[in-house]
Amino acid sequence: MTMRFSMWLSGRLLVPKGESKYARLRLVRSAALIAIVMIPLVLALIFMDGMMNGITDKYILLQDGHIQLHVEDPLFDSQYDVSAIDPRLESADYVVSGYGIVYSRDTTAEVRIKGVDISYFNENRMTQLEFTGEPLKKEGSLAAVMLSTTIAQKLGVEVGQRVAFMVVPDSSSSVVRPVLANVTALYDSGYHELDSSLLFMNRDDAMRYFPKDRNAYTELLVSRDHVDDLGAIVATLESAMDKNFPYATWDEFNGTVYQNFITSRQVILLVFMMILLVAGVYVSSIAQEMIQDSMQSIALFKTLGATNSNLSWAYFCSVMVVTSIGLVAGVSLGLLIGSQIGVLLHWLGNSGLAGLQYYLLDFRIVISWRDILAISFSMLVISSVTVRLSLGRIRRISPLEMLQQD
Amino acid sequence: MTKELLRFHTVTKTFVSGQSQLVILEDLDFVLYSGTSVAITGKSGSGKSTLLNIAGGLDKPSAGSVSFLGRELGALNDKDLSAFRNRHIGFVFQSHILLDDFTALENVCVPALIRGARQADAVKRAKELLDRVGLSDRLQHRPQKLSGGERQRVAICRALVNAPDLIIADEPTGSLDEESSSGIETLLTDIVREEGKTLLMVTHDTQLASRCSTVYLLHNRTLQEME
């Protein structure tokens with residue numbers, strides 16, 4: 001007995017001929033249902049990874065940088081090419097930061113004030129922002145601020161108008177007084193949560209308004225491929241400049257956000273596995289249905305000399321081919337729809353879905369091939385186990401059952 | 001000298017249903033020699049089909065033993081028993097029992113493919129046999145498109161495709177009209193003789209039984225040779 005018969009029978013089961021219209025429909029339906037399970041899994045994976053990376057990028061590029069070197073004075077002037085020290089470094093910006101309250105005629109907003117030089121908005125950061133007006137352009141003696149469109153809407157102000165702000169001192173001995181500022185530009189990072197609390201101010205003004213309690217540091221960005229080398233990059237800097245720097249990395253000051261992402265991802269992958277288990281049970285039901293419909297044929301094959309192993313292989317291969325077709329179709333369609341997820345989110349956003357304000361509507365598509373392969377492989381493994389269990393039915397079919405129709 | 005092909009040694013077969021026990025065959029001794037044709041007749045329910053099932057390795061005796069070419073069938077595991085049926089036995093049943101979704105040609109090819117023959121070789125042999133029984137123009141027809149006589153001819157070809165030692169036929173003309181029966185009787189006995197095979201057949205048809213070299217009557221759970 002060889003595998004030749006199993007392969008031949010498997011082919012016949014996969015391409016049923018003659019009157020087997022129902023058998024053909026069942027195969028198509030089964031593959032379609034597997035695809036329908038896989039599409040949302042792949043879509044959810046793309047959405048989750050793209051969203052997490054997008055939000056992380058916003059926090060890193062606009063709020064905290066990859067590395068903060070906590071040194072009071074500027075380490076480099078704004079034109080200095082920091083990649084000359086370490087090619088993994090993309091930029092270094094001296095930043096002054098603090099907290100404050102912004103007032104308009106009608107309302108107030110609590111904000112984090114970030115004092116930066118205009119060179120802070122380099123090519124890398126500009127990919128995350130859309131501007132209206134001229135960022136931080138100084139006119140007269142008033143401070144120049146750039147609000148997010150979210151804060152501006154809350155305060156009811158526009159470019160060219162004035163707001164009052166008051167810094168919140170760390171020390172109770174400081175004298176607090178409100179000052180006026182020009183709104184020279186509005187920005188929109190696309191992420192409501194970040195925009196609702198971040199205000200950019202001309203750095204020289206920020207240094208003036210946070211004279212004693214200012215939190216000043218050098219914010220470093222590194223290239224995307226080296227985000228896991230932050231410690232080594234600082235070591236290179238220290239070595240090159242012959243100094244030791246107190247520093248913090250982005251995942252430390254966004255520890256909660258970072259940990260939430262990791263936990264969410266793990267939970268979602270666990271949910272995926274549960275869905276795959278259910279899908280595996282469905283795949284085993286395809287095998288059961290095929291066997292149930294061919295009991296007499298199986299009994300006849302056994303009478304003619306087919307072994308349990310021959311028949312099990314034939315049915316196993318057929319079901320797994322159907323599963324694989326559904327899997328490939330589902331993953332392909334998931335990728336196709338996933339590549340257009342931005343369009344989908346914008347459409348949902350425009351339709352007034354309130355919950356979307358907490359998500360990015362525009363982010364770089366990230367396809368985690370490793371996870372997609374892991375999900376596909378898990379689907380095949382789970383299906384192969386459940387199908388093998390179902391195929392035990394073949395063993396229990398006696399050749400004599402065939403004679404019952406005689 | 002004719003070779004001993006099949007031997008039943010004090011074979012008993014009982015069926016248990018709840019508390020009751022029904023003895024179908026009892027201490028039955030029977031030898032079938034190679035190249036002979038044997039018909040078994042008897043009343044309905046006398047155990048003829050059970051005897052054939054045991055001879056073909058489809059069922060096992062409750063007591064006693066069955067040997068084929070000196071090899072005890074009771075000692076074979078499922079896999080070896082499957083191989084035994086595939087290589088040594090050709091089955092022809094009363095209502096042909098063909099695979100409805102397969103063509104006549106594919107139905108005949110199945111035992112050869114199970115044996116491990118290349119598809120081209122199986123098709124060649126199946127075509128030869130179907131041509132020999134006058135069905136060369138029905139190769140791609142499915143069973144439901146064939147008449148009862150044609151289906152039984154396909155079943156005979158399927159039984160012969162692996163050139164088995166023994167053809168087991170259970171009422172091969174039982175479901176056919178008189179004209180078709182006559183054709184199948186001639187075909188079955190002639191083709192088995194021409195191929196040099198051994199035939200073990202159960203039939204109620206006295207005309208068909210008379211074509212065989214030996215006729216047995218299964219009566220009171222044992223076989224009696226008829227003159």
Side-chain angles (χ1 to χ4, degrees), chain A residues 1-27 290-315 317-318 391-392 394-406, chain B residues 49-50 52-54 56-60 77-103 106-119 121-122 140-145 155 158-159 161-162 164 168 170-171 174-175:
Chain A
M1 307 295 149
T2 67
M3 288 293 286
R4 203 170 281 155
F5 168 69
S6 301
M7 292 300 113
W8 177 79
L9 179 59
S10 180
R12 287 304 320 269
L13 290 168
L14 283 168
V15 191
K17 294 175 185 168
E19 304 299 312
S20 307
K21 192 178 170 188
Y22 175 73
R24 280 196 293 272
L25 275 176
R26 178 175 55 207
L27 294 176
M290 284 174 85
I291 294 166
Q292 189 64 35
D293 286 355
S294 351
M295 297 243 300
Q296 297 230 321
S297 300
I298 291 170
L300 179 57
F301 285 131
K302 284 191 168 187
T303 300
L304 300 176
T307 61
N308 289 320
S309 161
N310 288 150
L311 294 164
S312 295
W313 263 111
Y315 280 84
C317 291
S318 306
L391 294 180
I394 288 177
R395 200 168 289 279
R396 293 192 292 276
I397 296 173
S398 156
L400 289 174
E401 284 182 39
M402 173 251 336
L403 297 173
Q404 287 168 4
Q405 82 169 39
D406 195 18
Chain B
S49 294
T50 303
L52 285 194
N53 290 342
I54 292 172
L58 294 173
D59 203 354
K60 289 182 176 174
N77 60 24
D78 272 359
K79 194 176 168 187
D80 292 339
L81 206 53
S82 298
F84 156 76
R85 284 198 297 270
N86 181 254
R87 287 171 193 183
H88 297 291
I89 310 286
F91 292 97
V92 179
F93 300 101
Q94 182 177 348
S95 45
H96 56 78
I97 310 182
L98 299 174
L99 296 157
D100 288 340
D101 295 331
F102 292 62
T103 62
E106 287 170 331
N107 266 285
V108 177
C109 283
V110 165
L113 293 170
I114 291 173
R115 188 174 188 173
R118 283 166 9 118
Q119 199 169 339
D121 296 338
Q140 300 305 325
H141 284 57
R142 290 175 209 290
Q144 54 273 44
K145 303 278 184 194
R158 184 182 65 192
V161 73
N162 273 349
I168 288 179
D170 190 355
E171 301 274 13
S175 61

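Values below: all heavy atoms of this structure, side chains included; hydrogens, waters and symmetry mates excluded. Order of the sequence lines fixes the chain letters, A, B, ..., with proteins taken first and strands second; residue numbering starts at 1 for each chain.
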Query raised in the report: Is A/Arg12 reaching over with its side chain to a backbone N or O of B/Asp101, donor-acceptor style, under 3.5 angstrom?
Result: yes
Query raised in the report: How would you list, by chain and number, every residue that makes a ring-ring contact (aromatic ring centres under 6.0 Å, His included) with A/Phe301, sequence neighbours excluded?
Result: A/Phe5
Query raised in the report: Hey, mind stepping through B/Leu99 and A/Gln296 against side-chain contact (heavy atoms from CB on, under 4.5 Å) and telling me if it holds?
Result: CA-CA 9 Å; B/Leu99 296 157; A/Gln296 297 230 321; over 6 Å; no
Query raised in the report: About how many Å separate OG of A/Ser297 and CD1 of B/Ile97, when rounded to the nearest 0.5 Å?
Result: 11.0 Å
**Report entry** Heavy-atom closest contact (B/Asn86 atom, A/Gly305 atom, distance)
**Finding:** CB-CA, 3.7 Å
Report summary line: Of all heavy-atom pairs linking B/Leu98 and A/Leu300, the shortest is C-CD2, 4.2 Å
**Report entry** Under 4.5 Å from any heavy atom of chain A - which part of B/Arg118
**Finding:** both
Query raised in the report: Per the side-chain contact (heavy atoms from CB on, under 4.5 Å) rule, which among A/Thr303, A/Asn308, A/Thr307 passes with B/Ser82?
Result: A/Thr307
Query raised in the report: Can you name the closest pair of heavy atoms from B/Arg85 and A/Pro399 and give their distance?
Result: NH2-CG, 3.9 Å
Requested in this report: Flag yes if more than 12 heavy atoms outside A/Trp8 fall under 6.0 Å of its CH2 atom; otherwise flag no.
Outcome: yes
Query - Pairs touching residues 290-307 of chain A that satisfy salt bridge (charged side-chain N to carboxylate O under 4.0 Å, His left out), sequence neighbours left out - result: A/Arg26-A/Asp293
